[in-house]
Structure formats: C-alpha cells, structure tokens
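By convention in this document, chain letters (A, B, ...) are assigned in the order of the sequence lines, proteins followed by strands, and residues within each chain are numbered from 1.
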Number of protein chains: 2
Amino acid sequence: MSADVSREKFKASLTRRGLRITSQRLAIFAAAFARKEHFTAESLLKHAKAIDASVSRATVYRTLPLMTESQVLREVDIGSGEKFYLPATDMNTQVAQVICVDCHRIFEISAPFMEWYGSTVSLKLGLKPISQRLQVSAQCSAFRQQGRCPNHEGK
Amino acid sequence: MSADVSREKFKASLTRRGLRITSQRLAIFAAAFARKEHFTAESLLKHAKAIDASVSRATVYRTLPLMTESQVLREVDIGSGEKFYLPATDMNTQVAQVICVDCHRIFEISAPFMEWYGSTVSLKLGLKPISQRLQVSAQCSAFRQQGRCPNHEGK
DNA sequence: CTGCCTGCAAACTCTTTGCACGAAT
DNA sequence: ATTCGTGCAAAGAGTTTGCAGGCAG
C-alpha cells in the first residue's frame with residue numbers, strides 16, 4: 001500500500017467520522033510515512049515538527065489512534081515502556097516481530113499460520129479472535145562476538 | 001513445579017548471588033504463589049502486606065525481577081500499561097496468552113510450535129532466539145450477547 | 001564495621017487530559 | 001454560532017531510584 005493510497009484512506013476515514021483534515025494531522029501523517037523503521041511517538045513528534053512547527057506533542061498523541069483506527073498505521077508493543085508504530089501495508093497484517101536485544105531493531109517477519117492458530121485456540125475457549133501478535137526476542141551473535149551488530153545502524 | 005520446589009529454587013538463586021533471604025522477600029514469594037490468576041505488582045503488594053505488613057512497594061518492585069530471573073515467576077506483558085506475573089511451571093515455557101477484551105482475563109494456552117518458529121525465523125536473520133511470545137486478543141461472544149461473560153469471575 | 005536491605009518519598013517516563021483560544025463550517 | 005482542533009501545562013499511571021537508617025554476617 002503506497003503512501004498516497006494510505007493518505008487518501010486516512011483522509012477518507014477522518015471525513016467519514018466528521019473530523020477535519022488539518023495541516024497538523026497531515027504533517028504527522030507525512031512524518032510517519034517518511035520513516036523507514038519503527039518509530040515512537042516522541043520521534044514522530046520531532047519529525048512532524050520539522051514539517052510543521054505548530055505540531056505539538058498532544059496532537060501527535062491524539063492523532064496516532066486516528067491513524068491506527070483508520071488502518072494506515074500499525075501499533076507494535078514490544079513491552080519496553082513505549083509503543084512503536086509503522087505504516088500498515090496489505091502485506092503486514094500477519095506478521096511477527098523479531099526484536100534484537102543488542103541493537104534494539106525490530107524486524108517484521110511473515111507468520112501466515114498465526115491467524116489460523118489464534119482462531120483455533122480462541123474458539124476452543126468460546127472466544128472470538130480479534131488480533132494476534134507473535135514476538136521473538138533474539139540476540140545478535142555477531143554483536144556478542146565482535147562488539148558490533150551487522151544489522152545495527154541506529155534506530 | 002510445586003511452590004515448595006520453586007521456593008527452594010528462589011532461595012538458592014538468592015544465595016548463589018550473595019543476596020539475603022529476608023522475611024520481606026519470602027512474604028512476597030508466598031503472596032505470589034498463593035495467587036490463582038495472573039497478578040500485577042500492585043495486587044502482589046496488597047497480598048504480601050497481608051502476610052508481612054512491613055513489605056513496601058519498593059521491595060515488591062525490587063523483588064519481582066529477582067523472581068523472574070530465578071525462573072520462579074514469568075512476566076506477561078499484554079501491552080496494557082501494567083505488567084502481569086504468574087508462577088512459572090515446567091509446562092508453561094511454551095505458552096501463548098489469549099486475552100479476553102471483555103473480562104480482561106488472561107488464558108494461558110499451550111503453543112508447542114512456537115519455539116520452533118522463533119528459532120527458524122531468528123536464525124534466518126542471523127540472530128539467536130532468546131524467547132518468544134504469542135498473544136491473541138479475543139472477545140467473548142457470550143458477553144457481547146448476554147452482557148455476561150461465562151469466564152468472568154473478577155480478576 | 002562493612003555491605004546488603006529496607007521504607008519512604010521523590011523522580012522518572014510515557015501518555016492522557018482540562019482548559020481556553022482559534023479555526024472551520 | 002456551533003463544533004471541532006489546537007498548544008500548553010498539569011495530571012496520571014506504573015515503575016524506578018536516592019537516601020538515611022537498620023540489620024545480618
């Protein structure tokens with residue numbers, strides 16, 4: 001799903017809900033889709049401010065749920081205190097995360113069986129599955145041995 | 001793994017690390033193993049205080065990592081702000097959680113394939129897997145229809 | 001008497017919210 | 001006008017930490 005398609009999707013979602021398309025919301029959207037890796041609310045604020053200086057922290061936090069609800073952003077909680085986000089694509093609904101404990105990067109991996117598994121097990125409990133997430137913590141052997149992670153390039 | 005075995009494991013771990021076996025630490029341990037469901041730091045504090053009134057919040061928060069590191073407790077983060085804990089057993093290292101969004105209960109389910117999957121995918125990235133977790137959010141159809149969850153009995 | 005442990009309270013991090021002003025319809 | 005959106009600053013939740021005193025070895 002391209003950024004353009006997502007932007008239209010986001011706008012449509014706002015309109016449908018009677019919300020307004022403001023410059024701040026568009027700046028936050030643009031900042032989010034310019035990121036190449038998972039990002040936090042705080043880093044999103046920084047980048048959004050570079051696009052539109054009037055963007056405030058409060059608006060970022062208020063806009064993030066709007067974007068996840070309209071399915072243009074996906075929220076990833078790795079249990080580290082702060083939440084991460086990344087642009088949603090058609091391809092990454094059934095994904096798991098591999099989190100490198102050394103370089104803290106988050107890798108998205110395809111996990112096609114996940115949905116089936118979640119459904120199977122939920123139904124056994126009489127529950128209706130909504131979503132599932134698989135997260136793998138892993139360490140970088142190269143980093144441990146050489147003090148340098150080949151995947152590492154900041155975050 | 002029985003509570004007695006775990007208690008010895010916990011004590012041995014403390015001793016091995018040159019830490020002391022104090023009444024507060026034992027009270028926190030006892031409170032944790034008396035719980036029947038997942039518990040939070042705050043509820044653990046309450047129960048530990050009932051056993052030993054001198055237990056403070058700080059000590060609970062300082063003891064929880066000691067217990068998870070010595071493998072007598074397992075930490076479960078469902079991305080809800082606060083962390084949950086439960087006694088570790090031999091059987092629940094390869095488990096997933098099904099979280100009911102209606103009654104907020106957490107069900108532990110066996111997921112034997114998980115370890116294999118985590119390994120496979122980590123190794124593909126050149127990483128060494130440490131742990132994996134699968135979490136399924138689900139809703140209770142009964143609750144939605146009858147306003148009452150058959151699984152519900154407080155938390 | 002040295003070093004681990006403790007409770008207390010303050011600090012901290014991330015996120016949410018009340019408020020009054022401003023902008024869009 | 002009315003409703004929605006905003007920034008600011010304060011509040012909030014959960015957790016961590018500095019400190020001075022206490023207790024074990």
Inset, instruction - Rounded to the nearest angstrom, tell me the gap between atom CG in B:L14 and atom C1' in C:dG3. - result: 16 Å
Legend entry - d(CZ, A:R17; C1', C:dA24) in whole Å: 19 Å
Inset, instruction - Ignoring hydrogens and angles, tell me if any N or O in the side chain of B:S13 forms a donor-acceptor pair with the backbone of B:K9 under 3.5 Å. - result: no
Inset, instruction - Starting from P on C:dT13, measure out to CG on A:L45 and report it in whole angstrom. - result: 16 Å
Inset, instruction - Could you label the plane-to-plane angle of the A:F29 and A:F10 rings as parallel, tilted or perpendicular, counting under 30° as parallel and over 60° as perpendicular? - result: parallel
Legend entry - Any donor-acceptor N/O pair, B:R25 side chain to B:R20 backbone, under 3.5 Å: yes
Inset, instruction - Using atom types as modelled and distance alone, determine if a side-chain donor or acceptor of A:S43 lies under 3.5 Å from a backbone N or O of A:T40. - result: yes
Legend entry - Nearest-angstrom distance from the residue atom CG of A:D52 to P of D:dG5: 16 Å
Inset, instruction - Quickly work out the B:L66 CG to C:dC5 C1' distance and round it to whole Å. - result: 11 Å
Inset, instruction - Using a strict cut-off of less than 4.0 Å between a Lys/Arg side-chain nitrogen and an Asp/Glu carboxylate oxygen, indicate whether B:E108 and B:R74 qualify as a salt bridge. - result: yes
Inset, instruction - Whole angstrom is fine here: how far is it from CZ in A:F39 over to C1' in C:dC14? - result: 16 Å
Inset, instruction - Using a cut-off of strictly less than 4.0 Å between a heavy atom of the residue and any atom of DNA chain D, enumerate the qualifying residues of residues 21-29 of chain B by number. - result: none
Legend entry - Any donor-acceptor pair under 3.5 Å from B:Q135 side chain to B:D77 backbone: yes
Legend entry - Nearest non-hydrogen partners of A:L86 and A:F39, listed with the distance: CA-CE2, 4.1 Å
Inset, instruction - For each nucleotide in nucleotides 15-23 of chain D, reading 5' to 3', give B when a protein heavy atom comes within less than 4.0 Å of its base, S when such contact involves only the sugar-phosphate, and - otherwise. - result: BBBB-----
Legend entry - Side-chain donor/acceptor of A:S122 to backbone N/O of A:G118, under 3.5 Å: yes
